[in-house]
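Working notes for the structure below.
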Amino acid sequence: MHSDNNNSALLQNLSPNQRTWRRFKSNKRGYYSLLIFSVLFVLSLFAEVLSNDKPLIVLYKGEIFFPVLISYPEITFDGDFETETDYNDAYIKEKISEHGWILPTLNSHSYNSINYDSAEPNPAAPSLQNLLGTDDRGRDVLARLIYGFRLSVLFAFALTIIGIAIGIIAGAVQGYFGGRIDLYFQRFIEVWGSMPELYLLIIFSSIFQPGVLILIILLSLFGWMGLSDYVRAEFLKGRNLEYIKAAKALGLSNLQIMLRHLLPNSMTPVITFLPFRISGSILALTSLDFLGLGVPPSTPSLGELLSQGKENISAWWLSLSTFIVLVGTLMLLIFIGEAIREALDTRKNS
C-alpha cells in the first residue's frame with residue numbers, strides 16, 4: 001500500500017512527456033525494438049567503414065595511408081599502373097605485405113566490387129570469401145544488404161518527413177478554416193487520390209532516368225493524403241474549444257493559434273503512425289525495385305536482390321538473406337509503432 005502511494009506521487013510529479021516515455025519503456029518489445037533498430041541504422045551509416053574493398057589503414061614503407069578516405073594510384077605501392085589501387089589484387093597484397101601491413105574492414109567487399117577470384121560461377125554460394133555469397137554479377141551479397149538497408153531507411157525517412165509536412169499543412173488549413181476551403185480541398189483530394197499512382201510511376205520512369213530523388217518526388221505527391229485526414233479531424237475538433245476562442249479574443253493571429261495551440265494537440269496521430277509510414281515507405285521502394293521501376297540496377301537495393309532471387313531460384317542465399325533483413329526491419333518498426341500507440345493512450349496512468 002505504501003509503495004502504491006509512492007508510485008502515485010511519483011507519477012503526479014512527472015510531466016506528460018515523461019509519463020509517455022515511461023509507458024513506452026514499459027513495453028519491453030517495443031523499447032528493445034527501438035534500440036535494435038537504432039543501432040542497426042547508426043551502424044549502416046558507417047557502411048563504408050564496415051564493408052569496403054578499400055582497407056581502413058595501410059602501412060607501407062613507414063608511411064601510413066587511409067584508402068577509405070583517399071584514393072591512391074597503384075604506383076604508390078610500387079605497382080605498374082596509375083589507376084586506383086585494387087587492394088584485393090594478389091600482386092598488390094604481396095607488395096604491401098613485404099614492406100608493411102593492411103588493416104581491412106570487417107567485410108572486405110563494397111556493394112559494387114566484383115569477386116573475380118571466385119572458383120564457382122555466379123551467383124556463388126556463401127563461402128569464407130563472401131559470407132552470404134555473391135549475386136549474379138559476382139557482387140558481395142552482405143555488402144549490398146548493408147548498403148541497401150541504409151538506402152531503404154534513409155529513403156523512408158525522407159519520404160515520411162515530406163509526407164508528414166505536406167499532410168500537416170493540408171490538414172491544418174482544412175480543419176482550421178473549414179467552410180469552402182475545406183470543401184474544395186476535399187474534392188481535390190478525392191480527384192487526386194483516384195489517380196493511378198503505379199501507372200504514373202511507369203510513365204515517368206520511361207521519361208526520366210530512375211533515381212532516388214525522382215521516386216521521392218513522385219511518391220510524395222500521393223503519400224500525404226492519408227495523414228491529412230487525421231490532422232484535419234483534430235483541427236476541426238479543436239478550433240471551437242474555449243481556449244482557442246480566448247486566444248482569438250486576445251488578438252493572436254491564425255498562424256500563431258495553429259502553431260502554438262492546435263498543432264501540438266494534433267500530433268498524436270502523426271507520431272502514432274510514424275513507424276508504420278516508415279515501414280510502408282520501405283515496402284514501396286522494395287516493390288518498385290523488384291518491378292524494375294526503382295533505383296538504377298547498380299544501386300544497392302533490397303528489391304533488386306529479391307528480383308535476382310526470383311530469377312535464380314537455386315541461389316537460395318539471395319532470397320533468404322534479403323527476406324530476413326526486410327522482414328526483420330518491418331517487424332522492428334511494427335513493434336515500435338505498437339509501443340508508441342500504447343504509450344500515447346492517455347487512459348493508461350502508469
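Nothing fancy with the numbering, it's 1 onward along the sequence.
- With a 4.5 Å cut-off on side-chain heavy atoms, I114 and Y116 count as touching.
- Between the side chain of N52 and the backbone N or O of E48 there is at least one donor-acceptor pair closer than 3.5 Å.
- The neighbour count for R187 CZ, taken as heavy atoms of other residues, nucleotides or ligands under 6.0 Å away, is above 12.
- Counting only heavy atoms from C-beta outward, the side chains of K248 and I257 approach each other to under 4.5 Å.
- The closest donor-acceptor contact from the side chain of S253 to the backbone of Q256 lies under 3.5 Å.
- In this structure, L236 is not a member of the same hydrophobic cluster as V173, with clusters built from ILVMFWY side-chain heavy atoms closer than 4.5 Å.
- From L293, atom CG reaches atom OG of S287 across 10.5 Å, with rounding to the nearest 0.5 Å.
- Proximity of F276 to L333: side-chain heavy atoms (C-beta onward) are nowhere separated by under 4.5 Å.
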Decide ring-ring contact (aromatic ring centres under 6.0 Å, His included) for F65 and Y72; before the verdict, give the C-alpha distance in whole Å, the side-chain angles of both, and the deciding distance to 0.1 Å. CA-CA 8 Å; F65 301 91; Y72 299 101; 5.0 Å; yes

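- The pair R239-E234 does not meet the salt-bridge criterion, since no charged nitrogen lies less than 4.0 angstrom from a carboxylate oxygen.
- Between the side chain of T85 and the main chain of Y87, no donor-acceptor pair closer than 3.5 Å is present.
- A heavy-atom distance below 4.5 Å is not found between the side chains of I162 and F157.
- More than 12 heavy atoms of other residues, nucleotides or ligands lie within 6.0 Å of CD in E98, so this atom counts as buried by the packing criterion.
- Looking at Q186, its side chain never comes within 3.5 Å of a backbone N or O of L183 through a donor-acceptor pair.
- The shortest non-hydrogen separation linking S298 to Y111 is O-CE1, 3.8 Å.
- When the salt bridge (charged side-chain N to carboxylate O under 4.0 Å, His left out) test is applied to E84, the partners found at least two apart in sequence or on another chain are K54.
- Between I244 and L262, the closest side-chain pair of non-hydrogen atoms falls below 4.5 Å.
- Rounding to the nearest 0.5 Å places CG of L330 at 7.5 Å from OG1 of T286.
- For Y60 (side chain) and I102 (main-chain N/O), no donor-acceptor pair under 3.5 Å exists by modelled atom type.
- In terms of heavy atoms, G294 sits closest to L215 at CA-CD1, 3.6 Å.
- Annotation: side chain of H99 is not in contact with side chain of K95 (no heavy-atom distance under 4.5 Å).
- Minimum heavy-atom separation, Q129 to H109: O-NE2, 2.9 Å.
- Counting only distance, with no hydrogens or angles, the side chain of R23 and the backbone of A343 share a donor-acceptor pair below 3.5 Å.
- For Y230, the OH atom counts as loosely surrounded, since its 6.0 Å shell holds 12 or fewer non-hydrogen atoms of other residues, nucleotides or ligands.
- The cluster map of Ile, Leu, Val, Met, Phe, Trp and Tyr, joined by side-chain heavy atoms under 4.5 Å apart, puts W192 and I181 in the same cluster.
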F37/V153 under side chain to side chain contact (heavy atoms under 4.5 Å, CB included): CA gap, chis, key distance, verdict: CA-CA 10 Å; F37 179 80; V153 176; 4.0 Å; yes

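- Using cut-offs of 30° and 60° on the angle between ring planes, the pair F24 and W21 is parallel.
- In this structure, the separation between OG1 on T105 and CG on D53 is 8.0 Å, given to the nearest 0.5 Å.
- Side-chain atoms of N27 and E342, non-hydrogen and from C-beta on, do get closer than 4.5 Å to each other.
- In the hydrophobic cluster analysis, where Ile, Leu, Val, Met, Phe, Trp and Tyr join through side-chain heavy atoms closer than 4.5 angstrom, M195 is grouped apart from V191.
- The 12-atom threshold is not exceeded at CZ of F323, counting heavy atoms of other residues, nucleotides or ligands nearer than 6.0 Å.
- No donor-acceptor distance shorter than 3.5 angstrom exists from the side chain of Q308 to the backbone of D135, with no hydrogens or angles considered.
- With 3.5 Å as the limit, one finds a donor-acceptor pair spanning the side chains of N130 and D140.
- Nearest heavy-atom pair across S108 and N88 is O-ND2, 3.6 Å.
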Starting from the C-alpha separation in whole Å, work towards a yes-or-no answer on side chain to side chain contact (heavy atoms under 4.5 Å, CB included) for Y176 and N254. CA-CA 9 Å; Y176 183 78; N254 291 330; 2.8 Å; yes

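- Remark: the backbone N or O of S319 is not paired with any side-chain donor or acceptor of T322 at under 3.5 angstrom.
- For the residue pair R144 and T299, the shortest heavy atom distance occurs at NH2-O, 3.1 Å.
- If you chain together hydrophobic residues whose side chains sit under 4.5 Å apart, F335 and L283 never meet in one group.
- Linking Ile, Leu, Val, Met, Phe, Trp and Tyr whenever their side-chain heavy atoms come within less than 4.5 Å puts L219 and I166 in one cluster.
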For side chain to side chain contact (heavy atoms under 4.5 Å, CB included), just list the numbers for E311 and S307, CA-CA rounded to whole Å, side-chain angles, deciding distance to a tenth of an Å, and then say yes or no. CA-CA 6 Å; E311 296 173 358; S307 178; 3.9 Å; yes

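- Under the 3.5 Å distance criterion, the side-chain polar atoms of T272 are matched with a main-chain donor or acceptor of T268.
- Comment: E304 engages R139 in a salt bridge, judged by a side-chain N to carboxylate O separation of less than 4.0 angstrom.
- The CD1 atom of I168 lies 11.0 Å from the CE atom of M258; values are rounded to the nearest 0.5 Å.
- Annotation for P269 and F273: closest pair O-CD1, 2.9 Å, computed over non-hydrogen atoms.
- For OH of Y32, the number of neighbouring non-hydrogen atoms (other residues, nucleotides, ligands) closer than 6.0 Å is 12 at most.
- Here the OG1-CZ distance, from T329 to F41, works out to 11.5 Å after rounding to the nearest 0.5 Å.
- Contact check for L274 versus I164: side-chain heavy atoms found under the 4.5 Å cut-off.
- In F46, the CZ atom is not crowded: 12 or fewer heavy atoms of neighbouring residues, nucleotides or ligands sit closer than 6.0 Å.
- In this structure, T134 contributes its side chain and A124 its backbone to a donor-acceptor pair below 3.5 Å.
- For R260, the side-chain hydrogen bond (donor to acceptor under 3.5 Å, both in side chains) test picks out no residue, with sequence neighbours left out.
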Step by step, would you call L59 with W101 a side chain to side chain contact (heavy atoms under 4.5 Å, CB included)? CA-CA 5 Å; L59 178 66; W101 46 263; 2.9 Å; yes

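- D289 CG to F155 CZ: the interatomic distance, rounded to the nearest 0.5 Å, is 8.5 Å.
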